[in-house]
Amino acid sequence: DDLRNVCRTLGLTFEYTNMAIGGSVLAQTMQDDFYPATLGRDLPWAEEGKSWKQSIHDKNPNMIIVSFGMNDGGGLSNTLTAGTFYQELLSFHNEFSTGCIINYMNDIAPKDTTSKNTSDVFYRNKVSLAQEMRDFANTNRTINFFDSFRLSHLLQFGVDEKAYTIDSYS
């Protein structure tokens, strides 16, 4: 809403489409045969017989805001290994970056590792995915990246989880 208000204040017109698909993982959405219309959810933009990728290409966006990692690190992805998420991000970037600004954002940090809903494996997966997205941003310096994991960790625990490591970046 803030982005919409700023654009309206500046007299800019735009079309906003939220093409998020809850419960999906990045590798799944990048498949040519992933058809959101068959999921039985209220996705007004989804068309029968069109993949998620094709639906985005048909929109021909000037900007995409990407926030993956919520389900990828939560155990829904049985193919997630070290470096896999990085390669999936690269695949996404190569698919959509021509003529389009892509803004990447990683997932927020889980509240804690002791809650009954959060296992140590879950937390470690989230940390790993956050780092893979940071690595992706560091390697591909032309992309826009917002480290929401780092910020949410700082806000929750009062500690910048990257400030005390050797590989920290700005």
Side-chain angles (χ1 to χ4, degrees), residues 1-74 76-77 85-111 126-127 129-156 160-163 168-170:
D1 288 339
D2 290 340
L3 178 60
R4 288 184 211 181
N5 292 335
V6 167
C7 288
R8 286 187 185 125
T9 301
L10 295 173
L12 303 173
T13 58
F14 65 95
E15 176 186 339
Y16 169 83
T17 305
N18 181 349
M19 297 181 76
I21 305 170
S24 60
V25 296
L26 181 54
Q28 182 182 28
T29 59
M30 291 304 293
Q31 295 173 1
D32 291 328
D33 61 351
F34 182 67
Y35 302 109
T38 64
L39 297 175
R41 300 190 191 142
D42 182 24
L43 303 170
W45 53 266
E47 293 182 43
E48 199 67 42
K50 277 198 180 172
S51 70
W52 185 74
K53 286 193 319 184
Q54 188 56 52
S55 296
I56 292 176
H57 281 298
D58 287 353
K59 287 278 184 192
N60 194 24
N62 294 318
M63 179 177 18
I64 298 173
I65 299 172
V66 179
S67 183
F68 278 104
M70 293 76 171
N71 297 319
D72 303 77
L76 292 180
S77 176
F85 191 64
Y86 180 98
Q87 290 304 315
E88 292 168 0
L89 286 168
L90 189 57
S91 174
F92 182 93
H93 190 76
N94 291 338
E95 181 78 29
F96 296 110
S97 63
T98 303
C100 180
I101 298 167
I102 303 179
N103 301 286
Y104 294 88
M105 180 173 72
N106 56 11
D107 192 12
I108 61 172
K111 284 191 177 181
K126 292 291 188 177
V127 170
L129 286 181
Q131 188 57 50
E132 284 196 49
M133 196 170 264
R134 289 178 192 125
D135 293 345
F136 179 74
N138 280 331
T139 304
N140 303 282
R141 292 291 194 172
T142 60
I143 68 166
N144 301 315
F145 173 66
F146 177 75
D147 195 342
S148 56
F149 187 97
R150 183 177 178 183
L151 178 61
S152 63
H153 195 277
L154 175 63
L155 293 173
Q156 288 179 50
D160 183 347
E161 55 108 21
K162 292 304 294 176
S168 84
Y169 68 101
S170 52

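All of these numbers come straight from a predicted model, not from anything done at the bench.
To the nearest 0.5 Å, the span separating CG on L129 from CD on E88 amounts to 9.0 Å. Between atom CG of residue L89 and atom CE of residue M133 there is a gap of 4.5 Å, rounded to the nearest 0.5 Å. Distance check, rounded to the nearest 0.5 Å: OG of S148 to NE2 of H153 gives 13.0 Å. In this structure, CE in M105 is found 13.0 Å from CG in N144, a value given to the nearest 0.5 Å. Once rounded to the nearest 0.5 Å, the distance linking CG of L39 with CH2 of W52 reads 12.5 Å. In this structure, CG in L10 is found 12.0 Å from CZ in R8, a value given to the nearest 0.5 Å.
With sequence neighbours left out, the ring pair (Phe, Tyr, Trp, His ring centres under 6.0 Å) criterion links F34 to no other residue. For the side chain to side chain contact (heavy atoms under 4.5 Å, CB included) test, residues two or more places apart in sequence or in another chain that qualify with L154 are D160. Judged as a side chain to side chain contact (heavy atoms under 4.5 Å, CB included), and not counting sequence neighbours, the contacts of S152 are I108, A109, Q156.
Side-chain atoms of F14 and N62, non-hydrogen and from C-beta on, never get closer than 4.5 Å to each other.
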Show, in sequence, the C-alpha distance, side-chain angles and deciding distance for V127 and F149, and conclude whether the side-chain contact (heavy atoms from CB on, under 4.5 Å) test is met. CA-CA 8 Å; V127 170; F149 187 97; 3.7 Å; yes
side-chain contact (heavy atoms from CB on, under 4.5 Å) between R134 and R150, worked out: CA-CA 10 Å; R134 289 178 192 125; R150 183 177 178 183; 3.9 Å; yes
side-chain contact (heavy atoms from CB on, under 4.5 Å) for N103 and F146? Distances and angles first, verdict last. CA-CA 8 Å; N103 301 286; F146 177 75; over 6 Å; no
Pair S55-M19, side-chain contact (heavy atoms from CB on, under 4.5 Å): steps then yes or no: CA-CA 9 Å; S55 296; M19 297 181 76; 3.5 Å; yes
For residues 93-102, which side-chain N or O atoms pair as donor and acceptor with protein atoms under 3.5 Å away, sequence neighbours left out?
residue : atom : partner : partner atom : Å
H93     : ND1  : Y104    : OH           : 2.8
N94     : ND2  : L90     : O            : 3.3
E95     : OE2  : H57     : NE2          : 2.6
S97     : OG   : H93     : O            : 2.8

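Listed here is the closest heavy atom pair of S24 and T29: OG-CG2, 3.6 Å.
For residues 15-36, every residue pair satisfying the salt bridge (Lys or Arg N to Asp or Glu O under 4.0 Å) rule, not counting sequence neighbours, is listed here: E15-K59, D32-K53. The side chain to side chain donor-acceptor pair (under 3.5 Å) pairs that include a residue from residues 36-45 number zero, where partners must be two or more places apart or lie in different chains.
The aromatic rings of F136 and Y86 sit perpendicular to each other, their planes meeting at more than 60°, with 30° as the lower class boundary.
Between the side chain of Q54 and the backbone N or O of S51, no donor-acceptor pair lies under 3.5 Å.
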